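Here's the structure we're looking at; comments come further down.
Computed from a prediction, not measured in an experiment: that's the story for all the values here.
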Amino acid sequence: MIDKIKSRLRSELEVKLSSVYNQEINVVVEEPKTTNLGDISIPVFSIVKAVNKPLSEVVDVVIEALEQSQVYEWFKEVNRVGGFINLTFDRLVFAKEVINEAANVTSFKYEIGKDKTVCIDYSSPNIAKPFSVGHLRSTIIGHAIGNIMEKLGYKVVRINHLGDFGTQFGKIIYAYLNFGDRAKVDENPIEELVKLYVEFHELAKESPEIEDKAREIFKELELGNPEYNKLWEHFREVSLEEYMKVYKMLDVHFDSYNGEAFYNDKMQAVVDELTLKGLLKKDEGAMIVDLGEDMPPALIQKSDGSTLYITRDLAALFYRKNTYDFDEVLYVVGNEQKLHFEQLKAVVKKMGYDFYQDIHHINFGLVLQDGKKMSTRKGKIVKLEDVLKEASGLSLAYINDKNPDLANKEEVSEKIGVSAIIFNDLKNYRTNDVEFNLEDMVNFVGQTGPYLQYTSVRISSVLEENEYDDKKIDFELFMTDHSFDLIKTIAQYEEILIKAKNEYSPSVLAKYLLNLASYFNTFYAKEKIMVSDKIERNTKLTLISIIRNILDEGMKLLGMQVIRRM
RNA sequence: GACUCGGUAGCUCAGCAGGAUAGAGCAACGGCCUUCUAAGCCGUCGGUCGGGGGUUCGAAUCCCUUCCGAGUCGCCA
């Protein structure tokens, strides 16, 4: 709501001032850093410069224009401080409007994404590798972006583009056939397959020729070798079983699990089209698309004729365009693949398709260990499952300490633990690299998931015992600073969701929820809610119920679990 | 070496379509539970916004340069 007021103020002032000065005027309308200066402020320096008139004169003119504005009734005070015009809301008018609108804020249907489809490619783990804390980022960032866009009215297609193809399978199959132990693999599939993968790379250091063997095996797999195919299918199946367990824990779901292998029979069409359009060029035995000076060429086909990652991604992209007719396609994939997606876009552009503009790489920072990228090849990975268990266990210890009589302790502690891990990842801007730090991940104090859940639970325990009528409210009670902070924050919810979507960054929502929770906890410390005065109680219960609605919906959008007691 | 991203309080991070004294959390220290969940609240301490130039009435924010860290740079994904 504040955004709406700001933009209306801005456009009205621009029209008015442009006609006064007979030239185009740009007006800046912002919120001051500190609230004691007011709620909205207008710095006039740029106008002074544009019209070349004395500052005080310009301020007079702007204030006059302001007084004629449609939104002037929202304000109670207008102060001039140097080159700033500071406006203070009429808290009563503002609070009424916000509370009336907020009653249905969480059930509100947004129109922004109406009739628009977005495909989101996320999680996409590589088969035969454990689900690591690295995969977690893509999974929960993608999931949260999907939720937020759905809330804004988009039709969201969630795609888990499994990494179930590629030379790595040549490596694993080679290792399995040469030094694998069937019984061990059957017993503990992923763990053993990773061991084989790591062993392969150790061996390859001394005998690099096995890399060629692996490539050969992959080529034959691609061509349909039945023995290899059977192994591949088996590896895929056992891996997927493992991943489904993790998805269940995280409460993440997908509309499609079509991985890279799904496109095996759809790549020739891409190669043909590239050839037909004269974009393919033979270079050092491989087929490439030249992308000019500022980008390395895209390798479409290896010299042995087998395909590469980008070939499969192109096939997948066209398949998605044809199948879902998306307006946007998002790839939630790490920073290190930036070049790959730039190349993908460039190739699509060269092919003459405008929708290259709708391809967005939602990049995110790496999970580092000792300042370096984690590497499966060197066996340096942390399993997500272990981290989730650690967090849940710690959460249980908290409950036993603070609320030992709680029912369903295990269930609740798992919800707290998993949500803590999720929130810890989402609270920071996605492109930042993060150093793996278990202690941070399972921290339950301060700006954390449990803090949000705890805040919601506090509200719940008050609401549970009380009926209230949201029509019988005394808006005068919202005049105090600690109440009005909450009113203003509630008023920001919609624009926060839009900002989170525009920046494809769940952290915007995460930070907002922390802010809301923090204001609530201040309020809670200062005010008694279950007071005897009926109207006052009613007013406070209405307010905190709105806060809980937003907190709960916000947490759900982030992929966290909402609980009632803890 | 080239390119990309980052460097803000001891630690983790906000702020960056330029705007008024740079904000949170953690840690440290000091308060607050006979009253709605203290996983909370209040206060204190803590910053040459990596360094140096420049543009501007005004720079953490824009430009240049330099240092540091990470990532990527043709037959992995």
Taking the [atom1] atom in each of [N] and [M], what is the distance between them to the nearest angstrom?
{"N": "B/rC41", "M": "B/rA60", "atom1": "C1'", "value": "31 Å"}
{"N": "B/rU21", "M": "B/rG31", "atom1": "C1'", "value": "27 Å"}
{"N": "B/rG69", "M": "B/rC29", "atom1": "C1'", "value": "33 Å"}
{"N": "B/rC13", "M": "B/rA22", "atom1": "C1'", "value": "14 Å"}
{"N": "B/rA20", "M": "B/rC49", "atom1": "P", "value": "15 Å"}
{"N": "B/rU61", "M": "B/rC16", "atom1": "P", "value": "13 Å"}
{"N": "B/rU8", "M": "B/rG47", "atom1": "P", "value": "15 Å"}
{"N": "B/rG43", "M": "B/rC3", "atom1": "C1'", "value": "49 Å"}

Let me know which of A/Ile459, A/Asp552, A/Thr542, A/Thr489 forms a side chain to side chain contact (heavy atoms under 4.5 Å, CB included) with A/Ile547.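 Output: one option passes, namely A/Ile459.
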
As a test of understanding, state which of A/Asn515, A/Thr455, A/Asp485 forms a side chain to side chain contact (heavy atoms under 4.5 Å, CB included) with A/Phe520. A/Thr455

Whether A/Lys338 engages the ring of A/Phe341 as a cation-pi pair (distance to the six-membered ring centre under 6.0 angstrom, angle to the ring normal within 45°) should be assessed.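 Geometry flag: not set, cation outside 6.0 Å or 45°.
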
Once the angle between the rings of A/Tyr243 and A/His135 is folded into 0 to 90°, is it parallel (under 30°), tilted (30 to 60°) or perpendicular (over 60°)?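 A/Tyr243 vs A/His135 ring planes: tilted.
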
Taking any strand in view, what nucleotide pairs with B/rG23 in a Watson-Crick or G-U wobble way, both distances under 3.5 Å?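 Pair assignment: B/rG23 / B/rC13.
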
If we call it a pair only when both distances are under 3.5 Å in a Watson-Crick or G-U wobble match, what pairs with B/rU44?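 Checking every strand shown, B/rU44 finds its partner in B/rA28, with both distances under 3.5 Å.
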
Report all interatomic pairs (protein N or O, nucleotide N or O of nucleotides 38-45 of chain B) with separations under 3.5 Å.
{"residue": "B/rA38", "atom": "OP2", "partner": "A/Arg458", "partner atom": "NE", "Å": "3.2"}
{"residue": "B/rA38", "atom": "OP2", "partner": "A/Arg458", "partner atom": "NH2", "Å": "2.2"}
{"residue": "B/rA39", "atom": "OP2", "partner": "A/Lys402", "partner atom": "NZ", "Å": "2.1"}
{"residue": "B/rG40", "atom": "OP1", "partner": "A/Gly446", "partner atom": "N", "Å": "3.0"}
{"residue": "B/rG40", "atom": "O2'", "partner": "A/Arg458", "partner atom": "NH1", "Å": "2.6"}
{"residue": "B/rC41", "atom": "OP1", "partner": "A/Tyr451", "partner atom": "OH", "Å": "2.8"}
{"residue": "B/rC42", "atom": "OP1", "partner": "A/Thr522", "partner atom": "OG1", "Å": "3.1"}

Under 4.0 angstrom, heavy atoms only, what part of the nucleic acid is [X] near: base, sugar-phosphate, or nothing?
{"X": "A/Thr167", "answer": "sugar-phosphate"}
{"X": "A/Asn363", "answer": "nothing"}
{"X": "A/Arg565", "answer": "base"}
{"X": "A/Asp304", "answer": "nothing"}
{"X": "A/Asn126", "answer": "sugar-phosphate"}
{"X": "A/Ile529", "answer": "base"}
{"X": "A/Ser460", "answer": "nothing"}
{"X": "A/Gly163", "answer": "nothing"}
{"X": "A/Gln453", "answer": "nothing"}
{"X": "A/Ser507", "answer": "nothing"}
{"X": "A/Glu527", "answer": "base"}
{"X": "A/Glu435", "answer": "nothing"}

With a 3.5 Å cut-off and just heavy-atom distances, do the side chain of A/Ser303 and the base of B/rC75 make a donor-acceptor pair?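 In this structure, the two groups form a donor-acceptor pair.
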
For the base of B/rG69, is there a side-chain donor-acceptor partner from A/Asp433 under 3.5 Å away? no

Relative to its sugar, using the 90° cut-off around 0, the base of B/rC11 is anti

Quick test of your reading: applying salt bridge (Lys or Arg N to Asp or Glu O under 4.0 Å), list the pairs with at least one residue in residues 528-548 of chain A, sequence neighbours left out, ordered by first then second residue. A/Glu527-A/Lys540, A/Glu536-A/Lys540

How many Å lie between [atom1] on [X] and [atom2] on [N], as a whole number?
{"X": "A/His361", "N": "B/rU4", "atom1": "NE2", "atom2": "P", "answer": "16 Å"}
{"X": "A/Asn437", "N": "B/rU12", "atom1": "CG", "atom2": "P", "answer": "9 Å"}
{"X": "A/Gln168", "N": "B/rC75", "atom1": "CD", "atom2": "C1'", "answer": "16 Å"}

Is there aromatic stacking of A/Phe45 on B/rG58 here, judged by a ring-centre distance under 5.5 Å and a plane angle under 30°? no

Measuring to OP1 and OP2 of B/rC76, would you say a side-chain N or O of A/Arg215 lies under 4.0 angstrom away?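 So the side chain of A/Arg215 is within the cut-off, an N or O lying under 4.0 Å from OP1 or OP2 of B/rC76.
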
